[in-house]
Colleague: 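Below is the structure I would like to discuss, written out as structure tokens.
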Amino acid sequence: MSAHDKSEAATATRNGDDENRIDRPNDERYDAQRVEQKWFARWQEDDSLYAAESRSTKKKYYVLEMLPYPSGVLHMGHVRNYAIGDALARYMWMNGYNVLHPMGWDSFGLPAENAAISNNTPPREWTLHNIANMKAQMKRLGFAYDWSREVTTCLPEYYRWNQWFFLKLYEKGLVYRKKSKVNWCPKCATVLANEQVVDGCCWRHEDTQVEQRELEQWFVRTTQYAEELLRDLEKLQGWPEKVRIMQRNWIGRSEGALVDFQLEGNAGPAGSTISVFTTRVDTIFGATSIQLAPQHPLVADFTRYNQVLGADVERLIAEQRKAKEVGDIGEIEKHGVNTHHYAINPFSGERVPIWIANYILMDYGTGAIMSVPAHDDRDYEFAKKYKLEIRLVILPISNDPEETMTEPQLPFTAHDGMTINSGPFSGISCADAIKKMSAYAEEKGFGKATVTYRLKDWGISRQRYWGTPIPMLYCEKDGIVPVPEKDLPVILPEKVEITLTGGSPLGRVPEFVNVTCPKCGGPARRETDTMDTFVDSSWYFYRYTDAHNDRAPFDGKIAQYWFPIDQYIGGIEHAILHLIYSRFWTKFMRDLGMITNDEPVERLFTQGMVIKDGAKMSKSLGNTVSPDEMVARYGADAARLYSLFAAPPDRDLDWQDSGIEGIQRFLGRVYRFFVKNATGAVSPALVGALQTTPEARAIQRKLHQTIKRVSDDFQGRWHFNTCISAIMELVNVLYAAEDHIAKKKVPAAFLAEVQRNLVLLLAPFAPYLAHELWEMLGEKGSLLRAPWPKYDAELAKEEEIEIPVQVNGKLRSRITVPADSEEAFVIERALADEKVKAAIAGKQVVKKIYVPGKLVNLVVK
RNA sequence: GCGAAAGUGGCGGAAUUGGCAGACGCACCAGACUUAGGAUCUGGCGGGUAAAACCGUGGGGGUUCGAGUCCCCCCUUUCGCACCA
């Protein structure tokens with residue numbers, strides 16, 4: 001059937017339908033809904049091409065987008081994230097790789113419980129319903145996922161392995177229970193990890209102040225791997241620098257020394273000491289006080305019989321809390337109180353007063369410092385205020401010995417000085433002093449060199465229902481008893497009354513709580529807390545490689561084939577939480593002998609946010625854009641293409657409805673070109689033949705330039721916005737050549753080749769339209785496995801180039817010369833140009849610059 | 001305060017290595033086809049001018065034949081960290 005017949009047929013049917021506007025002949029409109037529905041139905045029937053091959057000789061490629069929480073509906077941020085990954089997956093398929101491109105659901109978590117409370121729907125039901133809905137949305141958007149490997153973390157098939165891992169952590173001493181002050185979000189009614197506290201507030205409730213509560217909790221010893229987590233950041237060259245810096249700061253390694261100061265007299269418990277952490281032990285002879293955090297354990301001993309002091313301490317705590325609330329603890333005005341107790345400096349034997357100060361943090365170091373006003377900004381400020389002694393013990397080193405003796409401006413905080421007034425340690429460099437003094441302290445048993453991290457162990461207990469039950473029992477006789485491996489999974493019971501008060505909901509389910517101890521057969525009580533959901537996402541990507549294994553979390557051999565993940569794509573908001581936990585988990589699994597890779601992710605890409613009207617989309621601002629609505633109005637291709645076109649993927653994207661209309665027009669333009677210029681399948685013999693007519697050559701050149709631009713971007717910097725504009729340019733060139741095409745100056749066989757390549761270029765970005773056009777061309781093979789077009793430099797080459805001619809750096813004219821012209825020829829032609837002649841008239845040309853293929857610049861005087 | 005990224009037309013954004021600033025798209029203007037146009041096609045579109053000249057990449061200096069790009073100083077925005085001892 002020719003194009004002419006086709007459009008006549010189309011016109012005939014449309015003319016019969018005159019209640020709407022009628023399209024004229026050749027006014028073929030692209031009905032995205034009809035085309036997308038057609039392919040959607042086919043893919044529903046058979047999506048086997050999206051499946052990764054378990055046995056393959058091809059090179060593997062693991063591309064992964066971060067799995068979503070099934071909140072109910074996709075938002076535009078998801079669409080953007082998945083459009084990037086899907087384009088990459090399709091590109092890699094077309095390049096002959098065995099691609100693993102899976103999807104799953106991070107489906108435990110609080111929103112399900114909140115929904116249960118407000119709608120009276122069981123969390124499981126609510127969650128599974130959301131998953132079904134979001135999965136349907138993903139399919140409608142045309143994302144090519146291997147659904148045979150779908151992972152749903154809230155199902156026992158998955159979470160049983162969380163429990164298994166927990167037992168392994170327990171065996172290795174990497175999980176422990178301790179009573180401690182923890183972050184408590186009153187709205188979530190549960191504990192939060194340090195990583196989940198943002199500016200003193202809950203990460204989910206930015207307006208809710210986190211409280212401190214004393215609770216028994218399970219902690220994962222992430223600090224055991226602190227050193228390696230930090231060191232291996234160097235290996236992650238495929239990660240954004242920004243993320244690596246954020247992780248480095250979060251781990252916060254700091255070298256220093258611990259030094260014990262003996263308490264004088266009988267202030268605290270007999271023989272007790274105050275251990276301080278300092279990075280500047282070289283300044284210890286300048287320590288003129290000890291400063292304790294108000295929450296320091298010793299403070300309680302001081303205030304027990306001193307109500308006045310107690311009240312002061314309360315005030316200091318309140319000031320700290322206030323500062324945290326405002327979010328600038330750095331700006332807090334320093335206050336302190338003198339306890340009138342003393343401690344002994346072990347180096348000098350000197351008595352120093354013990355103070356309590358609001359600028360000392362209990363959760364860093366030991367919660368106690370030695371205060372050296374002469375050599376620390378904060379200590380200096382504090383000492384000035386409270387008239388504490390300021391004693392100089394470090395002098396700046398200068399080449400001029402006279403200068404070395406001059407007193408520096410205080411506080412003098414540089415690290416490259418020389419000690420004075422430091423007893424036997426005087427007269428040496430700071431670095432030397434640190435070494436010698438640490439060694440001395442260790443030898444005498446009152447201190448040692450040490451490393452402190454900001455990173456804390458990961459508190460994973462949650463007093464909530466919708467999570468993985470922690471497989472631990474408490475027996476009256478045997479104490480803490482792990483659930484035997486053979487009894488896994490500990491199934492989360494379904495009939496549970498969910499409230500946000502009264503502790504863990506599971507605690508109110510007697511048949512869950514009351515068990516027999518596997519050791520003694522006596523009565524035991526089950527742990528009623530559940531695991532932080534970040535446990536689920538710490539290893540889920542391994543499960544994709546072997547999703548139905550019921551004997552192990554996954555098979556190590558299979559994981560070894562697929563890992564590390566070649567490309568991971570997700571939001572920057574996971575730069576710390578998820579990405580540190582999952583790096584930890586990988587190292588732990590490696591040490592268990594399950595895997596061989598040290599890091600889970602080779603290359604990480606963090607895409608920007610989708611915003612609207614300059615603000616993050618949110619229901620309260622009313623600036624949300626619904627993917628469903630976009631698909632219904634413009635089609636999935638348009639929604640996907642626009643989310644790639646509107647901005648480079650690593651930057652924020654400001655959504656504009658008028659922008660997606662432009663994309664819709666573009667898709668229609670492509671479609672109409674194919675309808676108007678139907679050609680049919682290409683004979684392989686003709687592909688790549690150099691065209692002879694200038695009209696065809698122009699198109700061929702543009703085609704190959706476009707292939708290069710798109711391919712390069714996939715390999716390199718991923719600026720899909722410019723890829724898509726390159727394809728638009730190609731289409732514009734085709735439209736501009738329509739007259740030539742009509743006059744048969746462009747051979748039909750070549751035109752068919754161009755169309756075929758255009759479809760291939762579009763395939764990663766707009767799969768629906770690409771498939772439709774592929775079929776229209778009469779292609780039989782699968783587009784998803786069609787080889788990516790090959791760039792041919794010869795065919796892309798320009799025969800003639802336009803060279804701008806500058807005079808003294810200002811553009812004066814342009815000349816057209818053969819592409820392979822010699823410099824002398826180009827300069828000669830430039831000098832002969834009328835406009836150039838006028839510009840240099842009466843002046844002397846002192847320098848002639850020719851940048852081959854780029855420009856000519858004539859310098860005149 | 002420390003660290004990182006960014007600042008280009010009315011808007012989203014191009015310019016990958018120092019070489020034609022504003023690709024591509026949106027919006028707008030004009031024309032064509034039309035009974036109609038919120039379809040489609042064609043053309044225009046940084047400021048300035050009759051046309052040129054000239055001026056234009058946050059501001060100020062510099063290097064260079066030539067700077068959005070490199071160097072120095074400053075301003076603004078966003079993000080991360082923040083009395084971290």
Side-chain angles (χ1 to χ4, degrees), chain A residues 21-24 26-29 198-199 240-243 245-250 252-254 256 276-280 291 293 320 323 327-334 357-361 363-372 376-379 381-382 452-454 572-573 575-576 609 642 645-648 650-663 665-666 668-669 672 709 712-713 716-717 719 721-729 731-732 735-736 738 802-811 813-814 846-851 853-860:
Chain A
R21 288 195 174 121
I22 297 156
D23 295 312
R24 245 148 280 292
N26 277 338
D27 240 14
E28 194 76 38
R29 293 189 62 174
V198 180
D199 292 337
E241 179 71 22
K242 180 188 171 77
V243 174
I245 290 171
M246 281 166 74
Q247 292 213 354
R248 192 173 303 128
N249 290 341
W250 188 265
R253 185 181 195 276
S254 182
V276 304
F277 175 70
T278 176
T279 53
R280 293 296 305 276
Q291 302 286 344
Q320 269 191 355
D328 55 359
I329 191 152
E331 304 298 310
I332 184 176
E333 205 189 323
K334 290 178 181 51
N358 63 355
Y359 72 98
I360 308 303
L361 306 172
D363 53 11
Y364 185 78
T366 59
I369 64 151
M370 61 177 205
S371 178
V372 186
D376 181 280
D377 293 318
R378 298 151 299 180
D379 295 345
E381 186 189 335
F382 192 85
T452 290
Y453 296 93
R454 213 189 78 104
I572 186 74
E573 66 274 19
I576 291 172
M609 276 193 314
Y642 179 65
F645 175 70
D650 51 339
R651 276 214 241 158
D652 285 352
L653 183 163
D654 196 348
W655 189 275
Q656 294 179 343
D657 281 352
S658 57
I660 192 172
E661 281 171 25
I663 291 292
R665 275 201 282 272
F666 165 68
R669 222 162 123 80
R672 275 190 306 277
R709 282 181 66 180
D712 283 355
D713 251 318
R717 49 176 209 160
H719 279 194
N721 54 330
T722 54
C723 288
I724 294 164
S725 57
I727 299 172
M728 287 172 169
E729 283 180 47
V731 173
N732 289 346
Y735 267 86
E738 269 201 309
E802 197 181 60
I803 301 285
V805 182
Q806 299 181 337
V807 176
N808 284 347
K810 300 215 163 173
L811 181 69
S813 186
R814 292 167 222 271
V846 294
K847 205 166 179 183
K848 302 163 188 165
I849 293 150
Y850 175 54
V851 186
K854 288 275 167 73
L855 110 172
V856 170
N857 190 15
L858 303 170
V859 185
V860 300

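Letters A, B, ... are given to chains in the order of the sequence lines, protein chains preceding strands, and every chain is numbered from 1.
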Colleague: B:C71 and B:U64: how far apart are their C1' atoms, nearest whole angstrom?
Modeller: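 Here B:C71 and B:U64 have their C1' atoms 12 Å from each other.
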Colleague: Heavy atoms from C-beta onward define the side chain here; which of B:A85, B:C41, B:A23 lies closest to that of A:Tyr364?
Modeller: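 Minimum distance to the A:Tyr364 side chain belongs to B:A85.
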Colleague: Between A:Arg669 and A:Asp654, which has a closest nucleotide on RNA chain B that is more 5'?
Modeller: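 That would be A:Asp654.
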Colleague: Pick out which of A:Ile660, A:Ile724, A:Leu653, A:Ile727 makes a side-chain contact (heavy atoms from CB on, under 4.5 Å) with A:Phe645.
Modeller: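 Only match with A:Phe645 under side-chain contact (heavy atoms from CB on, under 4.5 Å): A:Ile724.
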Colleague: Looking at side-chain heavy atoms only, is the closest gap between A:Ile849 and A:Val859 below 4.5 Å?
Modeller: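 SC-SC contact between A:Ile849 and A:Val859 confirmed.
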Colleague: Ignoring hydrogens and angles, are the base of B:C65 and the side chain of A:Lys847 linked by a donor-acceptor pair under 3.5 Å?
Modeller: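 Answer no: no donor N or O sits under 3.5 Å from an acceptor.
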Colleague: Picking from B:C41, B:G19, B:A85, which would you name as closest to the side chain of A:Arg672?
Modeller: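 Of the candidates, B:C41 comes closest.
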Colleague: In dot-bracket notation, what is the pairing pattern of RNA chain B, taking Watson-Crick (N1-N3 plus N6-O4 or O6-N4) and G-U wobble (N1-O2 and O6-N3) contacts under 3.5 Å, with [ ] crossing and | for other strands?
Modeller: (((((((..(((......[....))).(((((.......))))).((......))..(((((..]....))))))))))))....
Colleague: Syn or anti: how is B:G9 classified when any glycosidic angle within 90° of 0 counts as syn?
Modeller: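 In terms of base orientation relative to the sugar, B:G9 is syn.
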Colleague: Measuring from the side chain of A:Val851 (C-beta onward, heavy atoms only), which nucleotide among B:A27, B:G19, B:A85 has the closest atom?
Modeller: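 Minimum distance to the A:Val851 side chain belongs to B:G19.
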Colleague: For the side chain of A:Arg665, starting at C-beta, report the closest nucleotide among B:C41, B:A27, B:A85.
Modeller: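 Nearest listed nucleotide: B:A27.
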Colleague: Is it the case that the side chains of A:Arg669 and A:Asn732 hold a donor-acceptor pair, with the cut-off being a distance below 3.5 Å and no angle test?
Modeller: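 Result is yes, a qualifying pair exists.
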Colleague: Choosing from B:G19, B:A4, B:G13, which nucleotide comes nearest the side chain of A:Ile245?
Modeller: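 Selected nucleotide: B:A4.
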Colleague: For B:G56 versus B:G46, give the span between their C1' atoms, rounded off to a whole number of Å.
Modeller: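 Nearest-Å result for B:G56 against B:G46 at atom C1': 8 Å.
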Colleague: I'd like the C1' distance from B:G48 over to B:C54, given in whole Å.
Modeller: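 So the two C1' atoms sit 8 Å from each other.
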Colleague: For A:Asp713 and A:Phe277, take the nucleotide of RNA chain B holding the closest heavy atom to each; which residue's nucleotide lies nearer the 5' end?
Modeller: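 Of the two residues, A:Asp713 wins.
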Colleague: Ignoring the backbone of A:Thr279, work out which of B:A85, B:C81, B:G19 is nearest its side chain.
Modeller: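 For A:Thr279, the side-chain atoms sit closest to B:A85.
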Colleague: Looking at A:Asn857 and B:C65, is any side-chain donor or acceptor paired with a base atom of the opposite kind under 3.5 Å?
Modeller: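 Under the 3.5 Å cut-off, the side chain and the base do form a donor-acceptor pair.
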Colleague: The side chain of A:Asn721 is closest to which nucleotide in this list: B:A82, B:A14, B:A23?
Modeller: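 Of the options given, the side chain of A:Asn721 lies nearest B:A14.
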Colleague: With the side chain of A:Thr722 defined as its heavy atoms from C-beta on, choose the nearest nucleotide among B:C81, B:C54, B:A15.
Modeller: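 The listed nucleotide nearest to A:Thr722's side chain is B:A15.
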Colleague: Looking at every heavy atom in both A:Val860 and A:Val807, which two are closest together, and how far apart are they?
Modeller: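 Heavy atoms only, the tightest pair is CG2-CG1, 3.9 Å.
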Colleague: Choose from B:G25, B:A85, B:C55 the nucleotide whose nearest atom is closest to any side-chain atom of A:Lys810.
Modeller: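 Nucleotide nearest to A:Lys810's side chain: B:C55.
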Colleague: Nearest to the A:Asn732 side chain among B:C84, B:C26, B:G25, which nucleotide is it?
Modeller: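 Ranking B:C84, B:C26, B:G25 by closest atom to the A:Asn732 side chain puts B:G25 first.
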Colleague: Does A:Ala646 offer a backbone N or O that forms a donor-acceptor pair with the side chain of A:Asn721 under 3.5 Å?
Modeller: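 A pair under 3.5 Å: no.
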